[in-house]
Number of protein chains: 2
Amino acid sequence: MSELTIGQLAKETGCKVPTIRYFEKIGMLPEPARSAGNTRIYNAATMARLTFICHCRELGFPQKAVRELLGLVDHPDQSCETVTKIAATQLDHVNQRISHLAALKVELERMISSCNGGRVAQCRIVESLADGTHATS
Amino acid sequence: MSELTIGQLAKETGCKVPTIRYFEKIGMLPEPARSAGNTRIYNAATMARLTFICHCRELGFPQKAVRELLGLVDHPDQSCETVTKIAATQLDHVNQRISHLAALKVELERMISSCNGGRVAQCRIVESLADGTHATS
DNA sequence: CTACTACCTATAGTAACTATAGATTCAAGC
DNA sequence: GCTTGAATCTATAGTTACTATAGGTAGTAG
């Protein structure tokens with residue numbers, strides 16, 4: 001099953017059909033082959049690419065960053081300098097995100113586990129993510 | 001320095017001035033006090049709240065999720081059932097994000113470290129994030 | 001060969017900001 | 001006290017990244 005219609009691709013990736021056409025239009029997905037009747041026909045490589053784009057989107061990456069990452073994929077034989085710079089920048093963002101999320105995770109877990117008297121005593125979610133500030137709620 | 005103008009708040013949080021007013025308009029920030037001349041005056045609590053919103057935005061949370069999290073902050077004495085349900089749902093999302101980001105991090109690090117021959121041999125970013133698929137690039 | 005669904009293009013609408021326009025206010029210097 | 005330039009105000013228009021709609025064509029089951 002290496003050939004897919006747009007509907008099958010949508011089902012596989014969880015991405016909506018119009019969104020797939022949109023990604024093609026803006027150049028993030030290649031123009032696929034067409035059947036005799038002009039319907040789009042996708043292969044596994046494009047499916048992998050779309051899955052990647054969807055994951056990036058779930059992670060909240062701006063389109064520009066996704067394009068940079070796809071650029072690494074599309075030109076694997078670029079100079080190391082270029083690749084490393086882009087990858088390092090993205091890695092910074094990823095690490096920041098992970099640490100923010102870890103803080104949020106701790107606080108959510110605390111809220112869930114502190115639920116034993118029928119009421120949650122205090123919510124410190126804001127404080128947990130408002131680092132560098134002196135929150136006085 | 002517990003009282004801030006909108007400009008100072010923007011500088012402190014990295015959020016743009018019109019965006020702050022926008023958050024007020026849609027009810028994610030409270031209407032602040034006003035000076036004699038009608039300019040907005042903010043306190044530390046609002047700054048913490050805004051910092052939180054900005055972080056959530058960087059993390060790519062949809063506004064609805066941010067509102068739910070703020071709802072936990074605004075009504076800390078809700079029933080445990082409500083809080084736990086919301087917190088658990090958000091925790092699920094957070095955990096998903098963390099694991100996706102961890103996968104991306106590994107791949108970015110691999111790309112950076114594999115850069116020793118002047119060229120990056122192969123880019124497997126797509127494959128690393130396109131789990132569940134059999135990418136044949 | 002009809003009925004139904006999936007697909008096609010093109011365009012309009014939505015969510016979440018972001019920028020612009022024109023008027024008012026503050027703060028510093030004369 | 002007055003000017004002048006930056007910051008603020010409101011209101012509205014524009015942008016980004018989708019998402020839905022409209023009107024028509026293609027494939028497929030009975």
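In what follows, chains carry the letters A, B, and so on, assigned in the order in which the sequence lines appear, proteins first and then strands, with residues in each chain numbered from 1.
For A/I6 and A/K25, each mapped to the nucleotide of DNA chain C holding its nearest heavy atom, the one lying further toward the 5' end belongs to A/I6. Positionally, the nearest nucleotide of DNA chain C for B/K64 lies more toward the 5' end than for the other of B/R21 and B/K64. Between A/T39 and B/R34, the one whose closest nucleotide on DNA chain D sits nearer the 5' end is B/R34. Residue whose closest nucleotide on DNA chain D sits further toward the 5' end, between A/A36 and A/P18: A/P18.
When atom types are taken as modelled, the side chain of A/R49 and the backbone of A/M28 share a donor-acceptor pair closer than 3.5 angstrom. A donor-acceptor pair under 3.5 Å is absent between the side-chain atoms of A/T19 and the main chain of A/C15, judged by distance alone. Remark: side-chain polar atoms of A/T46 are not paired, donor with acceptor, to backbone N or O of A/Y42 under 3.5 angstrom.
Salt bridge present: A/R40 and A/E24 bring a charged side-chain N and a carboxylate O closer than 4.0 Å. At a threshold of 4.0 Å, the pair A/E109-A/K105 counts as salt-bridged, since one of the basic side-chain nitrogens sits closer than that to a carboxylate oxygen.
The nucleotide range of DNA chain C contacted by chain B, defined by atoms under 4.0 angstrom from heavy atoms of the protein and reported 5' to 3', is C/dA16 to C/dC26.
The shortest distance between the side-chain N/O atoms of A/R57 and the OP1/OP2 oxygens of D/dC18 is below 4.0 Å. A sub-4.0 Å separation between OP1 or OP2 of D/dT8 and a side-chain N or O of B/R40 is absent. A sub-4.0 Å separation between OP1 or OP2 of D/dA17 and a side-chain N or O of A/T19 is absent.
Rounded to whole Å, the distance from CD on A/Q8 to P on D/dT28 is 11 Å. The CD1 atom of A/I26 sits 7 Å away from the P atom of D/dA17 (whole-angstrom rounding). Look at CG on A/N38: it is 13 Å from C1' on D/dG24, rounded to the nearest Å. What separates CD1 of B/I20 from P of D/dA7 is a distance of 14 Å, to the nearest Å. Protein atom CD of A/E24 is 17 Å distant from nucleotide atom C1' of D/dA17, rounded to whole Å. Between the NZ atom of B/K16 and the P atom of D/dT16 there is a distance of 12 Å, given to the nearest Å. Between the CG atom of B/L9 and the P atom of D/dC9 there is a distance of 11 Å, rounded to whole Å. When the P atom of D/dA6 is taken as reference, atom NZ of B/K11 falls 13 Å away, rounded to whole Å.
Across B/G7 and B/V17, no two heavy atoms sit closer than the pair CA-CG2, 4.2 Å.
Side-chain contact, B/D92 with B/T89: no donor N or O sits under 3.5 Å from an acceptor N or O.
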